[in-house]
Colleague: 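My structure is below; once you've seen it, I'll send some questions.
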There are 2 protein chains.
Amino acid sequence: MPASPPLADSTALIARIHALAARATPARIAVLRLLDEAERALSHREIEDALGTGFDRVTLYRVLDWLVESGLAHRVIDAGRVFRFSLASPANATHTAHAHFRCEACGKVFCLDEIPVPTPALPAGFSGKAVEYCITGQCARCDQSEQEK
Amino acid sequence: MPASPPLADSTALIARIHALAARATPARIAVLRLLDEAERALSHREIEDALGTGFDRVTLYRVLDWLVESGLAHRVIDAGRVFRFSLASPANATHTAHAHFRCEACGKVFCLDEIPVPTPALPAGFSGKAVEYCITGQCARCDQSEQEK
DNA sequence: ACCCTTATCGCAACAGAGTTGCAATTAAGA
DNA sequence: TCTTAATTGCAACTCTGTTGCGATAAGGGT
Ligand SMILES: [Mn+2]
Ligand SMILES: [Mn+2]
Ligand SMILES: [Zn+2]
Ligand SMILES: [Zn+2]
């Protein structure tokens with residue numbers, strides 16, 4: 001039972017791609033669906049594994065780049081130097097700042113849309129655009145499995 | 001006119017290293033001095049360039065690792081997948097959360113010790129340890145040079 | 001001042017994530 | 001169905017950082 005809204009069928013995904021005047025290719029549809037179903041930010045590797053063989057790694061990289069450039073997804077970098085991607089919800093599609101949580105145990109990154117990101121006052125001469133707000137710690141699942149030991 | 005306190009001489013730097021029961025090698029002294037003089041977080045590459053030839057790249061990587069492990073410095077990762085290092089001031093040596101600013105124009109990362117980092121409420125089951133708070137935009141210098149055009 | 005011990009260094013080889021060039025394929029409109 | 005440019009697949013590549021190991025040298029003891 002995914003917490004996210006019901007996953008879109010292929011036709012809806014294809015429409016979303018066509019709305020950007022781009023070609024609805026199998027790779028794009030597959031990645032889009034996967035990110036839509038995922039409740040956390042996924043890395044290229046995780047996406048590759050989830051989709052199995054059938055798509056070249058470079059194709060997946062390019063699909064992810066395209067998703068970010070087109071504004072459908074956004075990219076965050078984790079402590080292990082790997083990019084993680086999550087679908088931009090209508091809420092954060094407008095580049096609204098939102099917080100992230102990275103679990104040190106399992107390495108997953110979660111989008112915390114509920115938490116407001118404070119906008120700080122900057123030193124003179126500095127002009128801020130985006131704010132990154134990331135909490136590191138242990139996620140609910142890893143916290144639980146640690147209790148069981 | 002550096003905003004930071006007067007840079008320490010070699011003997012002071014050596015003392016700082018010896019206080020950790022470690023050997024005061026040329027590489028460690030040089031990197032420590034450089035980070036002490038820098039007002040922003042430096043990447044390995046920047047450190048290598050600044051010090052010129054004379055130290056092996058691996059040695060510099062190991063010095064930086066040692067600095068982080070010993071608590072003298074802390075490491076942040078930037079959007080370009082490269083680590084940046086800044087000396088832990090007495091204030092943030094205790095792992096006190098502090099904000100960072102990354103300039104999109106010149107790529108530099110600044111430590112904003114003045115800005116307080118808010119501690120957010122997390123979803124149930126999540127336990128937070130560290131908070132990363134990074135503002136992206138344009139630094140004072142790049143903002144200025146843009147005006148001149 | 002000299003010797004030991006072993007922490008640290010230098011080199012070379014390696015690893016992982018991501019990028020680029022280009023010919024072959026194919027989505028989508030005519 | 002035909003055309004054409006967007007997209008793919010593959011191979012080679014870059015960049016940052018890591019590891020193994022023999023050589024070097026910091027620093028404590030004499
Ligand atoms: Mn997010
Ligand atoms: Mn800092
Ligand atoms: Zn976890
Ligand atoms: Zn700048």
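What you see below is based on every heavy atom in this structure, not just the backbone, and it leaves out hydrogens, waters and symmetry mates. The sequence lines fix the lettering, A, B, ..., with proteins before strands; numbering per chain opens at 1.
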Colleague: Does CZ belonging to B/Arg45 count more than 12 external heavy atoms closer than 6.0 Å?
Modeller: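 No, not enclosed.
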
Colleague: To check you understand the geometry: which heavy-atom pair defines the closest contact between B/Cys103 and B/Phe110, and what is its length?
Modeller: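 Scanning both residues completely, I find the closest heavy atoms to be CB-CE1, 4.5 Å.
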
Colleague: Which heavy atom of A/Glu46 sits nearest a heavy atom of A/Ala41, and at what distance?
Modeller: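 Heavy-atom minimum between the residues: OE1-O, 3.9 Å.
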
Colleague: Checking A/Arg40 against A/Ser86 for the side chain to side chain contact (heavy atoms under 4.5 Å, CB included) test, could you report, in this order, the C-alpha distance in whole Å, the side-chain angles of both residues, the deciding distance, and whether it holds?
Modeller: CA-CA 7 Å; A/Arg40 48 182 189 73; A/Ser86 65; over 6 Å; no

Colleague: At what distance, to the nearest 0.5 angstrom, does CZ of B/Arg84 lie from NE2 of B/His100?
Modeller: 11.0 Å

Colleague: Please report the interatomic distance CD(A/Glu37) to CG(A/Leu32), rounded to the nearest 0.5 Å.
Modeller: 10.5 Å

Colleague: Given the rule in the side chain to side chain contact (heavy atoms under 4.5 Å, CB included) test, do B/Trp66 and B/Ile17 qualify, once you have shown the distances and angles that lead to the verdict?
Modeller: CA-CA 11 Å; B/Trp66 167 79; B/Ile17 296 173; 4.0 Å; yes

Colleague: For DNA chain D, what residues of residues 48-56 of chain B have any heavy atom nearer than 4.0 Å?
Modeller: none

Colleague: On DNA chain D, reading 5' to 3', which nucleotide is the first and which the last to sit with an atom under 4.0 Å from a heavy atom of chain A, could you check?
Modeller: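 The contact span of chain A on DNA chain D goes from D/dA5 to D/dG17.
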
Colleague: Within the 4.0 Å limit for protein heavy atoms, which parts of nucleotides 17-29 of chain C are touched? Write it as a string from 5' to 3', B for base, S for sugar-phosphate only, - for none.
Modeller: BBBBB----BBS-

Colleague: Minimum heavy-atom separation for B/Ser43 and B/Val82, please, with both atom names.
Modeller: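 Smallest interatomic distance, heavy atoms only, reads CB-CG2, 4.1 Å.
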
Colleague: Could you tell me if the side chain of A/Ile135 sits less than 4.5 Å from the side chain of A/Phe101, heavy atoms only?
Modeller: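 A/Phe101 reaches A/Ile135 side chain to side chain.
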
Colleague: Could you point out which residue of A/Thr59, A/Ile47, A/Leu72 forms a side chain to side chain contact (heavy atoms under 4.5 Å, CB included) with A/Val31?
Modeller: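 Running side chain to side chain contact (heavy atoms under 4.5 Å, CB included) over A/Thr59, A/Ile47, A/Leu72 with A/Val31 returns exactly one hit, A/Ile47.
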
